[in-house]
Asks: 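Sharing a structure with you now.
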Amino acid sequence: MPNKIFHTPPLGNLSDTPQALSSQATSARVATPAPKKRKAATPKIPDIPMPPAYRVIPLARYNGASTASGHGDKWRTQAMRSHRVPTLIWFTRGQGRFTMSGVTRGFGPHNLVYLPPRTMYGFEPIGQISGYIVHLPQVNEMEWPEEPLHLRFTEVIQQNEITGLIENLAREIDNDQPGHDRALALQAGMISVWLERQMSVMPEYELTPDASRRLVAAYTALIEEKFHETHTVSDYATALGVTATHLTRACNIANGHPASKILADRVHFEARRMLKETDLPVKDIAAKLGFHSPAYFSRSFHKATGVSPRQFRQSC
């Protein structure tokens, strides 16, 4: 099935700016050729290593308890971000609001969310939540849906089936017996088949977005491609063939936030992740995220989070 929601026109190289050329006339003498200006070297910044192919993380870890400094891990759930692999989120208890591809919906117990790779999302729980976040590899043997899904299960048998499949995968991840890799692939394959079967009997699983929500889905998909290159809403609006005002109006309809907040959330989630999970200097993180200078990055980060990059890193 073609991926309709996430198809967007090419953005092009938004970071390129034309350089004005000038020359000085010389009359009385022949000018000495000016030395060639050395091009500023692009910093070689190491990529963050990929995590293990199979991961099962209890959702209780994401309940967002604050630290003494007031900077807890709520940013890990509420800020917009994405994963590089197919991801399942299985809520067994609790409720709240979930935003994926720019569309906000409510979730409750026994709700399953499927996120294709690089689908922007965030969720805001109300009170305590339980369940699992499951990261799975993108391999040919497992056919994952191309678009995000939100399924609500009322039948106990369905609830027990997916919980059992996830718990079996988690046990195998911790296992070190012969055939470990093959067993992991088989367990993940069973989850893939189970999800396909649920889709065949639940015709209401799709998000069926209207025009505004389709535009916001395209916007968030484009951010995932270009957030490390450009940080202006007007650039994205131009690439999508709309005005910045129209794009912001669509974002407010879809999830209650302007386009600028969605973009800033995504950029600064990545900044916080790198500050917490790597030893990269702040200047390298700024360069990796497309900021023109470390000072500008620090001001932007402080505006978004209330603390400087170094203060955030020290509080982790």
Side-chain angles (χ1 to χ4, degrees), residues 3-6 8 57 59 61-64 72-91 93-129 131-135 145-152 204-227 231 233 236-237 240 246-273 304-305:
N3 190 331
K4 302 183 292 298
I5 292 181
F6 297 102
T8 59
I57 304 168
L59 268 176
R61 187 179 302 179
Y62 292 88
N63 276 311
D73 275 358
K74 284 187 177 181
W75 60 272
R76 286 196 176 278
T77 60
Q78 295 179 14
M80 295 293 102
R81 77 282 196 188
S82 71
H83 303 292
R84 290 179 279 186
V85 295
T87 299
L88 291 173
I89 305 181
W90 172 229
F91 297 99
R93 189 185 72 174
Q95 59 184 333
R97 286 157 48 90
F98 196 102
T99 301
M100 58 180 160
S101 302
V103 180
T104 299
R105 300 157 64 98
F107 73 84
H110 306 122
N111 280 206
L112 179 72
V113 173
Y114 167 75
L115 301 161
R118 301 194 181 280
T119 300
M120 194 188 300
Y121 80 101
F123 61 92
E124 185 176 354
I126 301 173
Q128 298 292 303
I129 56 172
Y132 303 97
I133 296 182
V134 184
H135 300 292
E146 294 182 359
E147 298 191 13
L149 308 175
H150 182 187
L151 301 96
R152 309 172 194 268
E204 302 299 322
Y205 63 83
E206 290 187 299
L207 298 180
T208 57
D210 57 20
S212 292
R213 289 168 174 79
R214 281 197 301 272
L215 173 59
V216 178
Y219 172 53
T220 58
L222 205 51
I223 289 174
E224 280 303 309
E225 293 180 22
K226 299 292 182 180
F227 72 85
H231 304 148
V233 171
Y236 288 98
L240 293 167
H246 180 69
L247 180 58
T248 286
R249 187 183 304 119
C251 290
N252 280 318
I253 290 171
N255 60 49
H257 296 299
S260 57
K261 176 170 172 49
I262 295 172
L263 177 56
D265 268 2
R266 183 65 187 94
V267 172
H268 291 294
F269 173 88
E270 201 67 18
R272 285 182 285 198
R273 187 175 73 87
T305 66

Asks: Which residue is it: L112, L59, N111? I am looking for the one with a side chain to side chain contact (heavy atoms under 4.5 Å, CB included) to I89.
Replies: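 So, applying the side chain to side chain contact (heavy atoms under 4.5 Å, CB included) to I89 and each of L112, L59, N111, only L59 qualifies.
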Asks: How long is the gap from NE2 on H231 to CD1 on I223, to the nearest 0.5 Å?
Replies: 10.5 Å
Asks: Does the side chain of V216 reach to within under 4.5 Å of the side chain of S101, using non-hydrogen atoms?
Replies: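 No, every pair of side-chain atoms sits at 4.5 Å or beyond.
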Asks: Taking side chain as C-beta onward, heavy atoms only, is P148 less than 4.5 Å from P116?
Replies: yes
Asks: Side-chain contact, heavy-atom cut-off 4.5 Å: W90 with V134?
Replies: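 Result no, sub-4.5 Å side-chain heavy-atom pair not found.
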Asks: Could you grab the distance from atom CG of D265 to atom CZ of F227, nearest 0.5 Å is fine?
Replies: 12.5 Å
Asks: Does R266 come within less than 4.0 Å of E224, counting only side-chain N to carboxylate O?
Replies: yes
Asks: Got L215 and L247 here, is their nearest side-chain heavy-atom distance under 4.5 Å?
Replies: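 Yes - at least one pair of side-chain heavy atoms lies under 4.5 Å apart.
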Asks: Would you say R97 has more than 12 foreign heavy atoms packed within less than 6.0 Å of its CZ?
Replies: no
Asks: Would you give the length of the straight line joining atom CG of L115 to atom NE2 of H83, rounded to the nearest 0.5 angstrom?
Replies: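 L115 CG to H83 NE2: 7.0 Å, rounded to 0.5 Å.
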Asks: Rounded at 0.5 Å granularity, tell me how far CG in L263 sits from CE in M120.
Replies: 7.5 Å
Asks: So V113 and F107, side chain to side chain contact (heavy atoms under 4.5 Å, CB included) or not? Walk me through it.
Replies: CA-CA 9 Å; V113 173; F107 73 84; 5.8 Å; no
Asks: Once rounded to the nearest 0.5 Å, what's the spacing between atom CZ of R213 and atom SG of C251?
Replies: 11.5 Å
Asks: Over 60° means perpendicular and under 30° means parallel, so classify the ring planes of F91 and F123, tilted if in between.
Replies: perpendicular
Asks: Tell me the closest heavy-atom pair linking N252 and P258, and the distance in Å.
Replies: OD1-N, 3.3 Å
Asks: Indicate yes or no: at least one non-hydrogen side-chain atom of V233 is less than 4.5 angstrom from one of Y219.
Replies: yes
Asks: Just so I know, are the side chains of N255 and I262 near enough to count as touching, which here means a heavy-atom distance under 4.5 Å?
Replies: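 They are in contact (side-chain heavy atoms under 4.5 Å apart), so the answer is yes.
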Asks: Shortest non-hydrogen contact from S212 to A250?
Replies: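 Scanning both residues completely, I find the closest heavy atoms to be O-CB, 3.9 Å.
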Asks: Between R81 and Y121, is NZ or CZ placed under 6.0 angstrom from the six-membered ring centre and within 45° of the ring axis?
Replies: yes
